[in-house]
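For reference, the structure is listed below as C-alpha cells.
For the numbers below, each heavy atom of this structure counts, side chains included, while hydrogens, waters and symmetry mates do not. We number each residue from 1, following the sequence as shown.
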Amino acid sequence: FTDVNLNSRNTYEVSRRRSAPEHLPHGGSAPAEPAPPPQEPADRARHRLGIAGAGSSFAEFFTRNFFTKRTKELKPAVQSAPGWKLFGKVPPRENLPKDSKIIQQEYEARTGRMYKPPPPSARRKNIEFEPLSTTALILEDRPANLPAKSVEEALRHRQEYDEMVAEAKKREIKEAHKRKKIMRERFKQEENIASAMVIWVNEILPNWEGMRATRRVRELWWQGLPPSVRGKVWSLAVGNELNITPELYEIFLSRAKERWKSFSETSSENDIEDAGASVADREASLELIKLDISRTFPSLYIFQKGGPYHDLLHSVLGAYTCYRPDVGYVQGMSFIAAVLILNLEEADAFIAFANLLNKPCQLAFFRVDHSMMLKYFAAFEVFFEENLPKLFLHFKSYSLTPDIYLIDWIFTLYSKSLPLDLACRVWDVFCRDGEEFLFRTGLGILRLYEDILLQMDFIHIAQFLTKLPEDITSEKLFSCIAAIQMQNSNKKWAQVFASLMKDNKEGDKNHSPAPKS
C-alpha cells in the first residue's frame with residue numbers, strides 16, 4: 001500500500017497549503033519543504049491492487065475521497081461543504097440534492113395523482129385580523145421539496161383558519177367589553193369619590209361632632225372615605241384619649257434614638273425600673289422592629305431599608321416602645337403603623353397609633369391577655385353559629401378554633417391579609433363601628449368563601465384563611481359583610497360580650513377559695 005501512504009501525505013500537503021497564506025511578505029522566506037516523491041499513476045495502482053477501473057463504485061469513492069492526487073491549482077471551497085476533519089476540510093458532496101420539480105414529478109409518477117394549485121382567490125390576501133401566533137401558518141403552502149396540498153386539504157385548512165380567527169375575534173371583543181366595563185366603573189367610582197370629598201370637606205368635617213352619628217354620614221362612611229380626607233377622619237374617629245402631643249412624640253423619639261445609640265451598652269438598675277422592662281426585652285424589641293420593618297408590605301418597596309418610609313416607620317415604632325414599655329413591640333404592629341403613615345403625618349400617625357392600640361380589643365391582643373382573647377373568640381363563635389351554621393359545624397368537626405385564623409387578622413387589622421385598598425376600606429368602617437366590625441369582617445370573609453371551605457379539611461382551611469386570594473374585591477366582600485347580622489337572641493355584640501364577661505366573673509367567684517374562719 002505504498003500509494004496509499006503517498007496519497008495520504010499528499011492530502012496532508014494540500015490541507016496544509018489551504019490553511020497557509022498564499023503570499024508571504026517581502027523579505028520573509030518560508031521553510032523549505034521536501035519535494036514530494038514521484039507518484040504512480042492511479043490506473044497502475046488500481047491494477048496492482050487488483051481493483052477494476054470503473055466497475056467498483058466503492059473503490060472510486062474510497063480513492064476519490066481519501067487518496068486524491070495532488071493538483072497544481074486548488075479549487076475554491078464550496079459553500080455546501082460543512083464540517084472539518086482532522087487534516088483538512090471535508091470535501092464537497094458531489095451528489096447534490098434533487099431539485100424540487102424533480103421530486104414533485106417523482107411523487108406524481110409514483111402516486112399517479114396530478115397536483116392542481118388552488119386558485120389565487122383561495123389564497124390569503126389582506127387579512128383584516130391576524131392572530132398574534134403561528135395560526136396563519138396553516139394557510140401557507142408546503143415547501144417545494146414536500147408533497148403539495150390537495151384542493152380538499154387547502155379548503156379544510158382555510159375553514160379551520162377562519163374558525164380560529166372567529167374565536168380570536170370573539171375573545172378580543174369580550175375582553176374589550178370587559179375593559180370598557182372596568183373603565184366605566186372606575187370613572188363612576190372616581191366621580192363618586194370626588195363628589196363625596198366635597199361633602200366631607202365642606203359639610204361634615206367642619207361640623208364633625210354634630211354630624212358624625214347622622215344616617216347620611218354613616219351611609220357615606222360605609223361607601224368608603226375619599227383618600228384625601230381618610231387620614232383626617234381616622235384621627236377624629238380614633239380620638240386622642242391619651243392626650244399625646246407632637247412635642248411628647250419628639251421626646252419619646254429622642255429617647256428611642258439614644259437607646260439605638262447605646263444598644264450594646266448595659267443600662268443601670270434605675271433605668272430598668274423606670275422603663276418597666278429589662279435590657280434584654282429592650283434589645284429584643286429593637287431587633288424585632290428591624291426584622292418586621294423589612295417584611296412590612298414588601299411588594300410596595302417603600303418601607304424596606306433604603307425606601308422613603310423606612311426611617312419614618314422605624315421612628316414611630318421605636319417611640320412607641322419607649323412610650324409603652326409595658327406593651328413593647330409585638331409582631332403585627334408594623335402593619336398598623338405603616339397604614340397610618342401612608343395616610344397621616346409623622347406625629348399624627350404616632351398619636352393615632354398609640355390611641356388605637358389603647359382600645360380594649362387591641363390592648364388585649366397585643367398584651368396577649370389570654371382570658372380576654374378567649375372572650376372575644378367566644379363572642380365571635382356565637383355570631384358564627386348564628387350566621388353560618390353549616391360552616392360552623394364543619395369547623396367544629398375538625399376542631400378548628402377561631403384563634404387559628406383570627407389572631408393574624410386582628411393583630412394587623414386585616415392590612416396583611418387583604419389588598420391594601422380593601423384593607424383601608426375595612427379600616428374606614430372599623431373607625432365608625434369599633435371592634436365589632438373587625439369580627440363582622442371575619443364572618444364576611446367566611447361567608448364569601450363558604451362553598452370552598454366546606455370542601456376542605458383542617459390543613460387546607462388553615463392555609464386558605466392564612467393567605468386569602470388576591471383577587472378579592474371590595475364589592476363582593478362588603479356585600480357579604482352587609483349580609484352578616486350582628487344580633488343573637490335580640491342581643492347585639494356589646495351585650496353578648498358583656499354577658500360573657502359577667503359569666504366569667506361569676507365563675508371566678510365560685511372557684512375562689514372560701515375565707516378562713
Side-chain angles (χ1 to χ4, degrees), residues 186 188-246 249 297 300 309 312-313 316 320 333 335-363 409-410 412-441 444 474-475 477-478 481-482 486 493-494:
R186 187 174 298 174
K188 184 179 179 181
Q189 185 179 7
E190 290 177 357
E191 290 176 358
N192 294 336
I193 290 174
S195 59
M197 183 187 67
V198 174
I199 297 173
W200 280 98
V201 172
N202 297 333
E203 299 180 25
I204 300 174
L205 291 178
N207 307 291
W208 173 253
E209 293 299 332
M211 296 189 66
R212 63 176 298 179
T214 60
R215 184 175 181 179
R216 180 193 178 196
V217 172
R218 290 181 66 84
E219 289 178 354
L220 280 174
W221 216 328
W222 175 268
Q223 296 172 6
L225 297 173
S228 58
V229 300
R230 175 168 279 153
K232 181 65 175 177
V233 175
W234 285 0
S235 296
L236 292 172
V238 172
N240 188 10
E241 295 179 354
L242 300 175
N243 296 320
I244 301 175
T245 60
Y249 166 66
F297 296 119
L300 297 180
Y309 291 104
L312 194 59
L313 181 57
V316 171
Y320 182 79
M333 288 183 178
F335 281 90
I336 298 177
V339 174
L340 292 171
I341 287 171
L342 291 174
N343 292 275
L344 291 165
E345 296 296 330
E346 182 177 353
D348 295 331
F350 175 79
I351 295 170
F353 180 72
N355 282 276
L356 186 59
L357 267 57
N358 199 51
K359 302 293 182 183
C361 180
Q362 277 64 49
L363 200 59
W409 294 352
I410 302 301
T412 61
L413 301 181
Y414 297 96
S415 57
K416 181 182 177 183
S417 306
L418 297 176
L420 184 57
D421 56 341
L422 181 54
C424 287
R425 189 173 172 188
V426 171
W427 278 46
D428 293 343
V429 188
F430 163 63
C431 292
R432 186 194 77 171
D433 296 347
E435 64 187 34
E436 172 186 335
F437 189 73
L438 295 178
F439 298 94
R440 190 180 179 186
T441 301
S474 59
E475 291 77 13
L477 178 58
F478 271 78
I481 294 174
M486 298 301 286
W493 168 268

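Within the 4.5 Å cutoff, no side-chain heavy atoms of Asp348 are placed close to those of Leu340. Using a 4.5 Å heavy-atom threshold, the side chains of Leu413 and Leu438 count as touching. Residues Phe353 and Leu344 form no side-chain contact, since every pair of their non-hydrogen atoms from C-beta on lies 4.5 Å or further apart. The closest side-chain heavy-atom distance from Trp234 to Cys424 is below 4.5 Å. Contact check for Val429 versus Trp221: no side-chain heavy atoms found under the 4.5 Å cut-off. Looking at Ile199 and Arg216, their side chains come closer than 4.5 Å, going by heavy atoms from C-beta outward. Using a 4.5 Å cut-off on side-chain heavy atoms (C-beta onward), Ile410 and Cys361 make contact. Put simply, the side chain of Ile481 reaches to within 4.5 Å of the side chain of Phe437, judged on heavy atoms.
Of the inter-residue distances, the one linking Thr441 atom OG1 with Leu418 atom CG reads 8.0 Å to the nearest 0.5 angstrom. Rounding to the nearest 0.5 Å places CG of Asn207 at 8.5 Å from CD of Glu203. With rounding to the nearest 0.5 Å, the separation of CD1 in Ile204 from CZ in Arg212 is 12.0 Å. Here Lys416 contributes atom NZ and Trp409 contributes atom CH2; the two are 13.5 Å apart, rounded to the nearest 0.5 Å. To the nearest 0.5 Å, the span separating CG on Asp433 from CZ on Arg218 amounts to 5.0 Å. A distance of 11.0 Å separates CG in Leu363 from CG in Leu356, rounded to the nearest 0.5 Å.
Remark: the backbone N or O of Ala354 is not paired with any side-chain donor or acceptor of Asn358 at under 3.5 angstrom. The backbone N or O of Ile244 lies less than 3.5 Å from a partner atom in the side chain of Asn240, making a donor-acceptor pair. The backbone N or O of Leu225 sits nowhere less than 3.5 Å from a side-chain atom of Trp200 that would complete a donor-acceptor pair. The closest donor-acceptor contact from the side chain of Arg230 to the backbone of Asp428 lies at 3.5 Å or more, if one exists at all.
When the shell of 6.0 Å around CD of Glu190 is examined, it contains more than 12 heavy atoms from other residues, nucleotides or ligands. Surrounding CD of Glu345 are at most 12 heavy atoms belonging to other residues, nucleotides or ligands under 6.0 Å away. Residue-environment remark: OH (Tyr309) stays at or below the threshold of 12 foreign heavy atoms within 6.0 Å. Surrounding NZ of Lys359 are more than 12 heavy atoms belonging to other residues, nucleotides or ligands, all under 6.0 Å away.
Look at Glu219 and Arg215 and you find a salt bridge, because one of the NZ, NE, NH1 or NH2 atoms lies within 4.0 Å of a carboxylate O, short of that distance.
Under the 30°/60° scheme for interplanar angles, the aromatic rings of Phe350 and Tyr249 are found to be tilted.
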